Amino acid sequence: MWAAKPPALAPSCQIRQTQTGPELRRSTTNADVHKPPRLASPVCDTCRRRLPSTDLSRPSRFRLPREHSSSLILRPSLSPRPFKHVPHDLEASSTHPRAPPTMATFTSVVETIMTPSLPVILLGILIILGAPILLHIVLASSATYTTPPVVVLLGPSHAGKTALTTLLERGGPAPTPTHTSQTAQSVELNASTDSASRKSFRNHDDATGTHTKFLLVDTPGHGKLRNVASGKLARAEKLKAVVFMVDAAAIGEHDVLAPTAAYLYDVLLHLQRKASSKGKDKASVPVLVAANKMDLFTALPATMVKSQLEAELTRIRATRSKGLLDSGVGIDDVGSEEQDGWLGEYGSEKFSFQQMREFDIDVDVIGGSVTAEADVDKWWWWMAQRV
C-alpha cells in the first residue's frame with residue numbers, strides 16, 4: 001500500500017521527535033487527541049483519481065486507549081505495495097447486490113446451446129431421433145393396460161354382420177337396412193357378468209355391477225375384400241373371441257354353403273395354428289357360429305346348420321389334402337405339410353367341431369335373428385362371458 005506522510009502540526013503543539021529505527025514518535029497534548037490528524041488522500045496511479053482519505057477520527061478503526069492518549073505512533077511502511085486499480089464502474093456497482101450465480105449459469109448454458117458446435121449438433125440429433133423411439137417404447141410397454149379386449153366379427157356378405165354391429169352399438173330399436181361394408185369398423189361396447197342386465201345388450205343405462213369395455217370389429221365379407229378381414233384377425237391385439245355369422249336361410253344351397261364353409265375353414269385353421277404356436281402369440285380363441293335370419297321360412301335350425309357345415313368342412317379338408325399330394329411336394333415333406341394344413345384331429349375320417357377341443361378351441365353354433373331381441377341377447381351373453 002501507500003505510505004502516509006505525517007501531517008503538519010499546529011503551533012500550540014509541543015513537539016518532540018525521536019528517531020528509533022523505523023518508528024517516528026510524536027508527543028501531543030491531550031487536546032490534540034480529540035482531533036486526530038487526517039492523512040493525505042492517495043491518488044490512483046492509473047486514472048489519477050483522488051481516493052477517500054483515511055480519517056483517524058473514525059472510532060471503528062482508530063480508537064485510542066485512555067492510557068495511551070498522550071502519544072501517537074506513526075509507522076511508515078518500509079515496503080509499500082503498489083495500489084491495485086479498480087475500474088470505476090465496478091466500484092460503483094459494488095453498492096448494488098450481485099445477480100445470483102444461477103442466472104450466470106443459465107445464461108452460459110443458453111449461450112453454449114445456441115453456439116454452433118459439434119457436441120451441440122450431436123445432442124440435437126440424439127434428441128430428435130431418440131424422443132420418438134422413447135415415446136414408442138413407453139406406449140408399447142403400457143399397451144396391455146390401454147388396449148381393450150377385441151371380438152372380431154367375420155362371415156360372408158349379406159350374413160347380417162353390420163346389422164348386428166349397429167344394433168349392439170345403438171342398443172335398439174330394430175336396425176335399418178344396411179349395405180355391404182368396404183372397410184373394417186370398430187365399436188366400443190360394455191359387457192358385464194354381474195350386473196342386473198348382464199344377459200341383455202340393452203345395458204347402456206345400467207350402472208350396477210362391473211362392466212368391461214371391449215371392441216367389436218366388423219369386417220367386410222365380400223370375397224375380394226377377404227384379405228382385410230384376414231388381416232384384422234391376424235393383427236388383433238388381445239383377441240378374446242371370434243363371431244362367424246352365416247345366413248341360415250340360404251346355407252342350404254350349395255352355392256352359398258361352399259364359400260361359407262371355405263371361409264370358415266380358413267378361420268378355424270388360423271386359430272388352430274395360433275393355439276399350436278410355441279411363440280408368445282399362442283392363444284386359444286373360442287368361436288361362435290351365429291346362424292342368423294332364423295325368422296325366415298327357409299331358414300335351417302341350428303343343429304342342421306352345424307351338420308351342414310361339418311360335412312362341407314370334411315370335404316374341403318380331403319380336397320386340400322389331396323391337392324397337396326398332387327402339387328409335387330416331396331414325399332418326406334408331405335407328412336409335415338399335410339399335418340400343418342389339416343383341420344381338427346389329424347387322420348380322422350370326418351370333421352366335427354368337437355375335434356377343435358384338442359386345441360382348447362370351443363366352437364358353438366347358436367341360431368337367432370338380428371330382428372329378434374331375445375336371439376341377440378343369446379349372442380351378447382356368449383360374448384360377455386368371454387371378454
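Model, not experiment: these values are computed from the prediction.
Two residues are said to be in side-chain contact when any heavy atoms from C-beta on lie closer than 4.5 Å; Leu167 and Val376 meet this criterion. The shortest distance between side-chain heavy atoms of Met245 and Leu164 falls below 4.5 Å. Counting heavy atoms from C-beta on, the side chains of Leu239 and Leu233 come closer than 4.5 Å. Counting only heavy atoms from C-beta outward, the side chains of Val243 and Leu154 never approach each other to under 4.5 Å. Two residues are said to be in side-chain contact when any heavy atoms from C-beta on lie closer than 4.5 Å; Leu269 and Trp342 fail this criterion.
Counted by atom type alone, Ser348 and Arg317 present one or more donor-acceptor pairs between their side chains at under 3.5 Å. No side-chain donor-acceptor contact under 3.5 Å links Ser192 and Asn190. In summary, the side chains of Ser369 and Thr371 do present a donor paired with an acceptor at a separation below 3.5 Å, with no hydrogens or angles considered.
Side-chain N or O atoms of Thr314 include one that pairs as donor or acceptor with a backbone N or O of Phe351 at under 3.5 Å. Looking only at distances, no side-chain donor or acceptor of Glu358 sits under 3.5 Å from a matching main-chain atom of Tyr346. In this structure a side-chain-to-backbone donor-acceptor pair under 3.5 Å is present from Arg386 to Trp382. Within the 3.5 Å criterion, the main-chain N or O of Lys282 finds no donor-acceptor partner in the side chain of Ser277. Although no hydrogens or angles enter the test, the distance criterion places no donor-acceptor pair under 3.5 Å between the side chain of Ser186 and the main chain of Leu215.
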Val387/Val151 under side-chain contact (heavy atoms from CB on, under 4.5 Å): CA gap, chis, key distance, verdict: CA-CA 8 Å; Val387 297; Val151 177; 3.6 Å; yes
Working for side-chain contact (heavy atoms from CB on, under 4.5 Å), residues Phe359 and Ser284: CA-CA 7 Å; Phe359 306 95; Ser284 299; 5.8 Å; no
Derivation of the side-chain contact (heavy atoms from CB on, under 4.5 Å) call for Leu264 and Leu309: CA-CA 9 Å; Leu264 181 59; Leu309 289 175; 4.1 Å; yes
Test log, rule side-chain contact (heavy atoms from CB on, under 4.5 Å), inputs Asn292 and Trp379: CA-CA 10 Å; Asn292 190 25; Trp379 298 337; 3.7 Å; yes
Intermediate values then yes/no, salt bridge (charged side-chain N to carboxylate O under 4.0 Å, His left out), Asp375 and Lys293: CA-CA 10 Å; Asp375 296 339; Lys293 301 182 182 182; over 6 Å; no
Trace of the salt bridge (charged side-chain N to carboxylate O under 4.0 Å, His left out) decision for Arg320 with Asp266: CA-CA 12 Å; Arg320 294 190 180 185; Asp266 294 335; 2.9 Å; yes
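We find that Asp281 and Arg273 are not joined by a salt bridge, their nearest charged nitrogen and carboxylate oxygen being 4.0 Å or further apart.
In terms of heavy-atom proximity, Glu312 sits nearest to Ala261 at CG-CB, 3.2 Å.
A distance of 10.0 Å separates CD of Glu253 from CG of Leu257, quoted to the nearest 0.5 Å.
Residues Tyr265 and Phe353 fall within the same hydrophobic cluster, defined by Ile, Leu, Val, Met, Phe, Trp and Tyr side chains chained together at heavy-atom separations under 4.5 Å.
Other residues, nucleotides and ligands contribute more than 12 heavy atoms inside 6.0 Å of the NZ atom of Lys274. Atom CZ of Arg357 has 12 or fewer neighbouring heavy atoms from other residues, nucleotides or ligands inside a 6.0 Å radius.
A tilted orientation is assigned to the rings of Trp380 and Phe214, their planes being inclined by 30° to 60°.
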